[in-house]
A.B. asks: 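Provided herewith is a single structure, encoded as structure tokens, for subsequent inquiry.
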There are 2 protein chains.
Amino acid sequence: MTAAAGNHVLFTRHEAGVFEPGLFKTAADRNLASGAGDHAGVIHLGGREDLFLEGDDATHVYEVTDGVVCLYRIMPDGNRHILAFRFPGDIVGLCSPATYGYNAQAVGDTRLRRISRAGLERMIDERADFARKLLRMATAELNAMRDHLTCLASKSAEAKVADFLLMLAERSTARAGGAVVVNLPMTRTDIGDYLGLTIETVSRTISKMRRTGVIDLPRTTQVIVRSTDRLAELAGAA
Amino acid sequence: MTAAAGNHVLFTRHEAGVFEPGLFKTAADRNLASGAGDHAGVIHLGGREDLFLEGDDATHVYEVTDGVVCLYRIMPDGNRHILAFRFPGDIVGLCSPATYGYNAQAVGDTRLRRISRAGLERMIDERADFARKLLRMATAELNAMRDHLTCLASKSAEAKVADFLLMLAERSTARAGGAVVVNLPMTRTDIGDYLGLTIETVSRTISKMRRTGVIDLPRTTQVIVRSTDRLAELAGAA
DNA sequence: CATGAAATGTAACGATTTGTAATATGGGTG
DNA sequence: CACCCATATTACAAATCGTTACATTTCATG
């Protein structure tokens, strides 16, 4: 699996001190959320399987427990735009209107915990600290999205890709001789749709980073970050 | 002032049914938020005056009552990036860590209502519906940010500017002979920093829209949208 | 291990955007 | 009313990214 299931930090960039180990940690929480004593449902999805579609009734909220989920939209011209990737510990589908505003799809094999909206409301009513927790998760998502905005707004292709790899590197706990090992469960097309670049530009950029020794690419799905500093330089300037 | 203080909708695009007329509508709400009977503080800011800076202790949350506030970051290379504009009814400074993750600055003369973090916590504890309201505002902000992401990711300069003008047009209640009148309290530089474009590109694009008759430009700070449909076309395709 | 399909990588070319610089406009002030 | 300064506009050269086309690698399957 992609991310080692250890103590990784949610939405790490630019924010120290925000650590959310998951929405429902105790069995009591899960029972409260799902109702009279039964478990919150567990969902398995294979690669490219949709969890829900834009416009669907927002009946549930999900917590990723394994794998990666991408949130995406299909634009009027047919282009796909990936709004975010969600990793273990992240929640998916928290939204204010009655319907989802985007599609959600499993990138690879994925497991999620399903929580009914009613259960969520119940917990908000019964436990004030739960409301705060939910609010913290929403603001954490806001922070992550702001970083993504910053990434998309004013940067070159090289900076975007570097920023993306850094984000993944910060999540990853895998090491190989001091270097950070980053697995890429998503395709180049996914990365392009996430960064607003074409697949060719993504490919070119990654190749250039390999040539210049910033990263190593033992497989197409695995990046070894030789120098986090140089990667940060590429992400920061120009 | 820019936006007529009427019943405008918050974060309107792509979401019907989310209507938040403001965080603290009743005097009772304000009293509960600010403490023992005194008012929540009111703040006046002139153009280009900062409300708070990135890294400041997040002691307060603000609600814009008049004018426009922009949230921005200064990038390592010195570039400024505007994350969002906030209009009357919007809240500013709601964040999970103890410090703000961005700067906030008044675009023109602006008035805000100040709410202490402690007061906010108190209201969450004492009123479950307030927690839900706050959560709804956070998710509304998420929706708005997702739209902005979509705008930045995969679009041409023309589409970005068209999308931006549409957003402002949807907020505006001013009409002139059937056409929507949009005031631009922000400079071209602001727009560029918001859309990830240079000031020249913004200027060129707006000029082209004027030439092709999509908009009229009686002053540099005022746009009259001749055809919302054609503007939407520009925003949607290519 | 061979095969084929899908994904990825490379290269040349063209379109769009940016950067530079020069000009125009407009609001504020004496 | 004229001047001045900041902002906005326009024109042209240069760089970046997208497009198209093709080669290569990877992986699932026989």
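A, B, ... follow the sequence lines: proteins, then strands. Residue 1 opens every chain.
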A.B. asks: Do B/D77 side-chain atoms and B/N79 backbone N/O form a donor-acceptor pair below 3.5 Å?
C.D. replies: yes
A.B. asks: Please, which pairs that meet ring pair (Phe, Tyr, Trp, His ring centres under 6.0 Å) have at least one residue in residues 207-236 of chain A, sequence neighbours excluded?
C.D. replies: none
A.B. asks: The criterion is ring-ring contact (aromatic ring centres under 6.0 Å, His included); which residues satisfy it with A/Y72, sequence neighbours excluded?
C.D. replies: none
A.B. asks: Between A/A157 and B/I199, which has a closest nucleotide on DNA chain D that is more 5'?
C.D. replies: B/I199
A.B. asks: Would you jot down, in residue-number order, the residues of residues 200-222 of chain B having a non-hydrogen atom under 4.0 Å from DNA chain D?
C.D. replies: B/E200, B/S203, B/R204, B/S207, B/R210, B/L217, B/T220
A.B. asks: State which residue, out of A/R86, A/H60, A/E141, fulfils the side chain to side chain contact (heavy atoms under 4.5 Å, CB included) condition with A/V92.
C.D. replies: A/R86
A.B. asks: Identify, with sequence neighbours excluded, every residue that meets side chain to side chain contact (heavy atoms under 4.5 Å, CB included) alongside B/Q222.
C.D. replies: B/V181, B/N183, B/P218, B/R219
A.B. asks: In degrees rounded to 10°, what angle is found between the helical axes fit to the five outermost pairs at each end of the helix from C/dC1-D/dG30 to C/dG30-D/dC1?
C.D. replies: 40°
A.B. asks: Among residues two or more places apart or on two chains, list those pairs meeting ring pair (Phe, Tyr, Trp, His ring centres under 6.0 Å) that have a residue in residues 200-230 of chain A.
C.D. replies: none
A.B. asks: Between which nucleotides of DNA chain D, 5' to 3', does chain A make heavy-atom contacts below 4.0 Å?
C.D. replies: D/dC17 to D/dT20
A.B. asks: Please identify each residue that fulfils side chain to side chain contact (heavy atoms under 4.5 Å, CB included) with A/S227, with sequence neighbours left out.
C.D. replies: A/D229, A/R230
A.B. asks: Just grab all the salt bridge (Lys or Arg N to Asp or Glu O under 4.0 Å) pairs involving residues 183-199 of chain A, residues at least two apart or on different chains.
C.D. replies: A/R48-A/D190, A/R80-A/D190, A/R80-A/D193
A.B. asks: In whole Å, I'd like the distance from the CD1 atom of A/I191 to the P atom of C/dA7.
C.D. replies: 14 Å
A.B. asks: Send over the distance from A/D193 CG to C/dT8 P, rounded to a whole Å.
C.D. replies: 12 Å
A.B. asks: Test of understanding: with ring-ring contact (aromatic ring centres under 6.0 Å, His included), list the residues that count as partners of B/Y194, not counting sequence neighbours.
C.D. replies: B/F85, B/H148, B/F164
A.B. asks: What integer distance in Å separates A/M186:CE from C/dT8:P?
C.D. replies: 12 Å
A.B. asks: Of all residues at least two apart in sequence or in a different chain, which pass the side chain to side chain contact (heavy atoms under 4.5 Å, CB included) check with B/S203?
C.D. replies: none
A.B. asks: Which whole-number value in Å describes the distance from B/L197 CG to C/dG19 P?
C.D. replies: 11 Å
A.B. asks: Which residues pass the side chain to side chain contact (heavy atoms under 4.5 Å, CB included) test with A/R111, not counting sequence neighbours?
C.D. replies: A/V42, A/H44, A/T65, A/D66
